[in-house]
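Notes follow the structure.
Since the structure is predicted, the reported quantities are computational estimates derived from the model, not experimental observations. Excluded from the calculations below are hydrogen atoms, water molecules and symmetry mates; all remaining heavy atoms, backbone and side chain alike, are included. To find a chain, count down the sequence lines: A is the first, B the second, and so on, and within it residues start at 1.
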2 protein chains.
Amino acid sequence: MATRTEVCYDLLKGRILDGTYGPGHRLVIDQLGRETNISTIPWRESMRRLEAEGWIEIIPNVGARVATFDAGEWTRTMRLLARLEGLATALAAEELTAQDLADARRINGEMSEALADFDPLRFSQLNRQFHTMIFHRAPDKHLVALLDNEWARLDFIRRSAFTHAPGRAVQSVAEHAALLDLLEARADADTIETAARRHKLNTLDAVTRHAVALGNALA
Amino acid sequence: MATRTEVCYDLLKGRILDGTYGPGHRLVIDQLGRETNISTIPWRESMRRLEAEGWIEIIPNVGARVATFDAGEWTRTMRLLARLEGLATALAAEELTAQDLADARRINGEMSEALADFDPLRFSQLNRQFHTMIFHRAPDKHLVALLDNEWARLDFIRRSAFTHAPGRAVQSVAEHAALLDLLEARADADTIETAARRHKLNTLDAVTRHAVALGNALA
DNA sequence: GCCCGCCGGATCGCATACGATAACCTGTGT
DNA sequence: ACACAGGTTATCGTATGCGATCCGGCGGGC
């Protein structure tokens, strides 16, 4: 059996990610303890970890609350993710098997279908799956962990700040195909890194332009 | 007064960073508690945070030990740091005041002196100071926090894996000067990012080549 | 009417205590 | 002499309890 600290951690993080505990939600330790019949200590420890990972904020003698992100945080996260993922994709290049590439192409094909079906949720899930399966091959555990965290953060922020750009999805599928071609052709690392970084920055730019057109400030 | 959890955290992290608790050192909670008259709970909580930050490893029902890094970890960290710092430096560009640039130039001048005095410790401290003062101006707290952590990790690793490249220090000072010129001239973000990234990758390449020449594998 | 200090409830911070787990050591049978 | 079972010890995991801290409301002074 997993330790209670892990149970608490998974439960809290799950509820934060799925939106049960939205931004600003107060996490009262005693209350959580009473609801779950788990004493306060495992809760406290799990919160320390969540705090270090940036999911909650703990103020001494006051309490913990789920972190809130301003609109600019989406921009900042994408900007960072572009660099991290560019590097990780280039590093993963050598490790990808023919099977991996075939799987990635299949996922990209499904994205095309989701697009035709006007299914944005599925599209977005497949998109994450596509990139995740690639960068998880990068031989750098620390980098992969950072990426997982930033992707999760992105999903969390997306729920509060609506980010969308019409037409971007079509282009995104095309860019995925181009990226896969580069990977298959064993292009040099710099080329792959630049393409992967550019891909993410293109999304960022498209959303930013669209937001500006609507009069929203994402900064 | 700071909470005991913070005291424990600072104490542990300090001892890990200054080498008192080297890689692999076992952290026995009861023992720490007896030595300091602080009960186990603040120690446990501080360790959760250190674990999340990657400084220690906790195995359930067994205990905590200071993380150990293989030789390749230095390479991986530099590789990552190059991207993060490239971005942060470019972002900081607009925020830097004339005074900041003057300070940076002064530090770079002192690096020159340290070089002439054959004082590698001082040189390395000034180098960190130089880059830190620049990237701390980047308007992205999360990114800055990541950078601080990676720099600290680098220092920690450096103690176990000797990393050195003859002649690199001279070139480094010159690259700093060139970078400052770019910043002063308000060069565009891409140019600055590339230069800052390149600067760090140059060090990485130089050290790697030197290690290979010595027959060491850093991978 | 407004400001300031006091008070009570909610909540956190931490020490103590005990049960649970894993690593080690020891002794026995072969 | 070796393999294995059993007990032993060091250490962790977590429940309970109490003192400390903060926040919000109330009443007195100006």
Side-chain angles (χ1 to χ4, degrees), chain A residues 1-17 19-69 141 145, chain B residues 1-17 19-69 141 145:
Chain A
M1 163 189 151
T3 68
R4 289 179 200 257
T5 298
E6 292 169 51
V7 172
C8 293
Y9 174 82
D10 290 341
L11 202 150
L12 276 183
K13 188 161 179 184
R15 293 203 176 160
I16 290 171
L17 291 182
T20 308
Y21 298 149
H25 185 100
R26 248 198 106 179
L27 301 172
V28 179
I29 294 180
D30 270 17
Q31 192 180 323
L32 289 166
R34 264 179 278 113
E35 284 172 11
T36 56
N37 283 323
I38 295 177
S39 87
T40 61
I41 283 137
W43 288 110
R44 296 177 63 80
E45 288 186 26
S46 70
M47 285 186 189
R48 288 295 175 192
R49 185 169 162 200
L50 288 166
E51 182 191 27
E53 291 172 351
W55 294 108
I56 69 176
E57 201 182 353
I58 300 178
I59 301 172
N61 285 312
V62 173
R65 50 183 56 225
V66 178
T68 73
F69 299 103
K141 309 256 288 186
Chain B
M1 164 187 149
T3 68
R4 289 178 200 246
T5 298
E6 293 169 50
V7 172
C8 293
Y9 173 83
D10 289 342
L11 201 150
L12 277 182
K13 189 160 180 185
R15 291 202 177 162
I16 291 170
L17 291 181
T20 308
Y21 299 149
H25 185 100
R26 251 199 101 181
L27 301 173
V28 180
I29 294 180
D30 270 18
Q31 191 179 324
L32 288 167
R34 263 180 279 112
E35 284 172 11
T36 55
N37 284 323
I38 295 177
S39 88
T40 62
I41 283 142
W43 288 110
R44 295 179 64 80
E45 288 185 26
S46 70
M47 285 185 188
R48 288 295 175 193
R49 184 168 162 201
L50 287 167
E51 182 191 27
E53 291 172 349
W55 293 108
I56 70 175
E57 202 183 353
I58 300 178
I59 301 172
N61 284 312
V62 173
R65 52 183 56 228
V66 178
T68 73
F69 299 103
K141 308 256 288 184

Calculate the interatomic distance between [X] atom [atom1] and [N] atom [atom2]; express it in whole Å.
X	N	atom1	atom2	result
B/Ile59	D/dT11	CD1	P	15 Å
A/Ile29	D/dC18	CD1	C1'	16 Å
A/Leu32	D/dT14	CG	P	16 Å
A/Gln31	C/dA10	CD	P	12 Å
B/Arg49	C/dG13	CZ	C1'	17 Å
A/Trp43	D/dT14	CH2	P	12 Å
A/Arg34	D/dA15	CZ	C1'	15 Å

OP1 or OP2 of D/dC12 under 4.0 Å from side-chain N/O of B/Arg44:
no
A/Thr5 side chain near D/dT14 phosphate (N/O to OP1/OP2, under 4.0 Å)
yes
Output the distance between atom [atom1] ([X]) and atom [atom2] ([Y]), rounded to the nearest 0.5 Å.
X	Y	atom1	atom2	result
B/Cys8	B/Leu27	SG	CG	11.5 Å
B/Met47	B/Leu32	CE	CG	5.0 Å
B/Gln31	B/Thr36	CD	OG1	10.5 Å
A/Ser46	A/Ile38	OG	CD1	9.0 Å

Just to be sure I understand the rule, does A/Leu27 reach a base, reach only the sugar-phosphate, or reach nothing, if contact means heavy atoms closer than 4.0 Å?
sugar-phosphate
Between the protein and nucleotides 18-23 of chain C, are there any N/O to N/O pairs under 3.5 Å, and if so, what are the atom names and distances?
none

Restricting to side chain to side chain contact (heavy atoms under 4.5 Å, CB included), what partner residues turn up for B/Asp30, sequence neighbours left out?
B/Arg34, B/Thr40
Identify, with sequence neighbours excluded, every residue that meets side chain to side chain contact (heavy atoms under 4.5 Å, CB included) alongside A/Thr68.
A/Pro23
Would you tabulate the pairs of protein nitrogen or oxygen atoms and nucleotide nitrogen or oxygen atoms of nucleotides 15-17 of chain C closer than 3.5 angstrom?
residue, atom, partner, partner atom, Å
C/dA15, OP1, B/Arg4, NH1, 3.4
C/dA15, OP1, B/Ser39, N, 3.4
C/dA15, OP2, B/Ser39, N, 2.6
C/dA15, OP2, B/Ser39, OG, 2.4

Criterion side chain to side chain contact (heavy atoms under 4.5 Å, CB included) on A/Arg48 and B/Arg44, from CA distance to verdict
CA-CA 10 Å; A/Arg48 288 295 175 192; B/Arg44 295 179 64 80; over 6 Å; no
Got a sec: does the CD of B/Glu57 have more than 12 other heavy atoms crowding it under 6.0 Å?
no
Close residues, residues 50-58 of chain A, relative to DNA chain D [heavy-atom separation under 4.0 Å]
none
Quick check against the 3.5 Å criterion: does B/Arg65 have a side-chain atom that pairs as donor or acceptor with the backbone of B/Gly24?
yes
Checking contacts here: which listed nucleotide (D/dC12, D/dT14, C/dC14) is nearest the side-chain heavy atoms of A/Thr3?
D/dT14
With the threshold set at 4.0 Å, does a side-chain nitrogen-carboxylate oxygen contact exist between A/Arg49 and A/Glu45?
no
Set of ring pair (Phe, Tyr, Trp, His ring centres under 6.0 Å) partners for A/Tyr9, sequence neighbours left out
none
